[in-house]
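First comes the structure, then the notes that go with it.
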Amino acid sequence: MSAQLETWRVSTPEGVFETDLETLKQWIVEGCVQPNDKVSKGNLSWLDAGRVPMLRAAFAAERVPYDPAAAASSPTPEVSANKPAQAAAMPVRSVAIPSAASVCSQHPEAEGKYVCRDCGNGFCDQCPKFVGASKIPLCPLCGDLCSPIAQLRHKAARQTFQTSGFGFADFGRALGYPLQHKLALVFGAAFYGLLLLAGFRGRLVASVIMFGCISHVISQVAWGRMDRSFMPDFSEFSLWDDLAVPFGLGIGVTVVTWGPTIALIVVLLFGLFNGSASSPSPLAQAPPDKNEAASDPNGLSPIFDPNADPKKLEEADKKLNQLRPGYQISQEAEKSKKQLNDPTGGLLLFTKYLAGGMVIVLLLLLSLGWAIFYYPMALAVAGYTQSFSSVINPLVGLDTIRRMGLTYFKAFGMVLVIQVVGFVVAVIVAVITAPLALPFFGNLPAMFIDGSVTFYFNLVIACVLGLSLYKCADRLGIEVD
C-alpha cells in the first residue's frame, strides 16, 4: 500500500479524525495540528505528533494560515480513490455554537447534530457528507468541516469550568479523581505498598514510580485531561522518560525544598565537631620561659638536688602541685564559680549563647518554612515542565506563584490539609497494628497500609496542583485542550 493510502488518526478535543499522511501534513502546516496532539498510524499506539519522525518536517516547515473564505468558495470536494478530499480541514478550536444550529437547516423537524464551522448551519445525522470511509463530516452547502454539536457543548462547558475560579468544589474533584480508575488505583496502591517492604532498593523504586505518577497527573490535569488515567502509558516504555526523568525531578524537588535545611544541619554539625576538636584542654599549660625551658623544661630539678636552695625547692614543689590533674580541675571549678557569682560576666556569657542559639533557631525555622511552603510549587513545576533546570531554579516557582496569586495559596492550604490527614491516618494505623509488629522486621502491615494510603493521597495532591494550574492557564500561558 502506498504512503498516500495509509490511514492516520488524529485525536483532538473535537473528536478523532481519520485522514491520509499528506493531508495530515497539510493540517500541520496550516497550524491545525499541534505537536502535543495525539496521532496514530492505523491501529498502532497513540503518539505525540511532534515525536513522529515522518511529521517533523511538516512541523519545521513555514506554516500558512488557513483561509475559510477560500475554502467556502471552492466547490464541494469529490471523493477520489487515490486522493481523499483536501477540504476536510481540521476544526478551528472554537466553541461558538450558532443558535440556528440547534435544528437542521435542511430538515427543520430534525435536531441539529453537526454545525459547519464556516457557514454556521446546523445539520442532522443524514445531511453531512463524509470523506470515503472516514468519519470526517463535511458541510453539504460549503464543503467545510462540520463539528459535532455535542462535543462543542462539552468543550464550552469545560471552558466555563476553567474560568469558574478555584475553590472547595475543586478539592472535592481532586478527592474523587483517583476513584475514577478503581482498578489502576488498587493495583498501584498495592504495588507501591509492597515495594516499601523490599528494603532500600524497593523504596527507591517506589519513590520513582510515585513521582512519575504525580508528575503525570499534574501535567494531564493542567491540560484539562481529567478523564485520563493517573498511571503513565507503559506500552512504549522508555528507560529515560519513565525512570531517569522522574528520578531526576524527584532529586530536584528535594534539593530546592529541603536543601537549605539539610545544608544548615550539616554546617552546624561540622562546626560543632570542629569546635570540640579545636577546644583547648583544661590541663594545658602556658608555655614556659625560653631560657628556663632550655635547661629545665618543667623547673623541677631542685627536687632532685639534695643541696638545693630551700626557696628554689619550695618553688619547684609548687610547680609540681600545679601539674597535677586535681589542681587543674579545682582551678577550673573556682573560675566557673567566680563567673557565676559575677552578675556582669554571667549575663554577658548568657547573652552570647542566647544570641547564637536564637540565630540558629531562626535559620532552621526559615528553612523549614521554605520547604513546607514551596514544596507544592516545586511539584507543580516538575510535573508541568518536566525540566530539571526549571525545578531547581526557585525563581521559576516564585514567578509562577506571583502569576497564580490567591489560587496558589488556596492550593497550598488544600495540600497542607491532605498531608495532615495522611499523617493522622498513619498514626492511627500504626497504633491499631502495633501488636502485629515483628522483631527485626518492624510493623509490616502498618508499612503496607500506610504506603497504600499515601499513594492515594499523593494522587489527590497532584490533582489539586493540576487543577490550580488549569484554572490559571490564561495567566500562565498554558495551552489547555
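Numbering of residues begins at 1 and proceeds along the displayed sequence.
Interatomic distance, Leu459 CG to Cys463 SG, rounded to the nearest 0.5 Å: 9.0 Å. Put simply, OG on Ser215 and CG on Leu249 are 6.5 Å apart, with the number rounded to the nearest 0.5 Å. Remark: Asn458 CG to Met210 CE distance equals 4.5 Å, nearest 0.5 Å. Arg475 CZ to Cys472 SG: the interatomic distance, rounded to the nearest 0.5 Å, is 3.5 Å. Here the CZ atom belonging to Phe412 is positioned 15.0 Å from the OG1 atom belonging to Thr407, to the nearest 0.5 angstrom. Within the model, atoms OG of Ser164 and NZ of Lys471 stand 3.5 Å from one another, a figure rounded to the nearest 0.5 Å.
With contacts defined as side-chain heavy-atom distances shorter than 4.5 Å, the pair Gln106/Leu141 qualifies. You'll find the side chain of Phe455 reaches within 4.5 Å of the side chain of Leu185, heavy atoms only. With contacts defined as side-chain heavy-atom distances shorter than 4.5 Å, the pair Pro128/Cys139 does not qualify. At least one side-chain heavy atom of Pro246 sits under 4.5 Å from a side-chain heavy atom of Val208. Residues Val10 and Leu24 meet the side-chain proximity criterion, which asks for heavy atoms closer than 4.5 Å. The shortest distance between side-chain heavy atoms of Leu465 and Leu469 does not fall below 4.5 Å. At a threshold of 4.5 Å between non-hydrogen side-chain atoms, the residues Val424 and Ile428 count as touching. Inter-residue side-chain proximity for Leu194 and Phe448 is flagged as met; some heavy-atom pair is nearer than 4.5 Å.
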Problem set entry | Derivation of the side-chain contact (heavy atoms from CB on, under 4.5 Å) call for Trp370 and Leu366 | CA-CA 6 Å; Trp370 165 261; Leu366 288 176; over 6 Å; no
For this session: May I have the step-by-step check of side-chain contact (heavy atoms from CB on, under 4.5 Å) for Ile265 and Leu364, ending in yes or no?
Result: CA-CA 8 Å; Ile265 293 176; Leu364 282 174; 4.3 Å; yes
Problem set entry | Test log, rule side-chain contact (heavy atoms from CB on, under 4.5 Å), inputs Glu111 and Val103 | CA-CA 5 Å; Glu111 181 183 1; Val103 296; over 6 Å; no
For this session: Assess whether side-chain contact (heavy atoms from CB on, under 4.5 Å) is satisfied between Phe166 and Val464, documenting all intermediate values.
Result: CA-CA 10 Å; Phe166 186 76; Val464 167; 4.1 Å; yes
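No side-chain donor-acceptor contact under 3.5 Å links Ser390 and Asn393.
Formation of a donor-acceptor pair under 3.5 Å by the Lys25 side chain with backbone atoms of Ala58 is not found in this model. Proximity of a side-chain donor or acceptor of His107 to a complementary backbone N or O of Cys127 within less than 3.5 Å is not detected. Listed for the Asp37 side chain is a donor-acceptor partner under 3.5 Å among the backbone atoms of Gln34.
Met377 is linked by a side-chain contact (heavy atoms from CB on, under 4.5 Å) to Tyr374, Ala380, Val381, Thr400, Ile401, Met404, Tyr408, counting only residues two or more places apart in sequence or in another chain. Legend: residues meeting side-chain contact (heavy atoms from CB on, under 4.5 Å) with Gln419, ordered by chain and number and at least two apart, are Tyr375, Val415, Leu416, Ile461. Residues forming a side-chain contact (heavy atoms from CB on, under 4.5 Å) with Val421 (at least two apart in sequence, or on another chain): Val417, Val425, Phe457.
Nearest approach of Val256 to Ala378, heavy atoms of both residues: CG1-CB, 3.9 Å. The two residues Tyr114 and Cys146 come nearest to each other via the heavy atoms CB-CB, 4.0 Å. The two atoms that bring Phe123 and Cys116 nearest to each other are CE1-CB, 4.2 Å, heavy atoms only. The minimum heavy-atom distance between Gly451 and Tyr192, with the atom names listed, is O-CD2, 3.1 Å. Between Tyr384 and Ala222, the closest heavy-atom pair is CD1-CB, 3.9 Å. Considering all non-hydrogen atoms of both residues, Ala110 and Cys124 come closest at CB-CB, 3.9 Å.
Applying the 6.0 Å contact sphere to CZ of Phe161 captures more than 12 heavy atoms from other residues, nucleotides or ligands. Taking a 6.0 Å sphere around CZ of Arg201, one finds it holds 12 or fewer heavy atoms contributed by other residues, nucleotides or ligands. Atom CG of Leu438 sits in a crowded spot, with more than 12 heavy atoms from other residues, nucleotides or ligands closer than 6.0 Å.
For the pairing with Trp8, the side-chain contact (heavy atoms from CB on, under 4.5 Å) check across Asp20, Val52, Thr23 returns one residue only, Val52.
Sorted by first then second residue, the side chain to side chain donor-acceptor pair (under 3.5 Å) pairs that include residues 436-457, not counting sequence neighbours, are Thr433-Asn443. Among residue pairs with one or both ends in residues 255-264, those qualifying as side chain to side chain donor-acceptor pair (under 3.5 Å) are Thr261-Ser367; sequence neighbours excluded. Counting only residues at least two apart or in different chains, side chain to side chain donor-acceptor pair (under 3.5 Å) contacts with residues 174-185 are absent.
The side-chain tip of Lys410 does not point at the ring of Phe171 from less than 6.0 angstrom away and within 45° of straight on.
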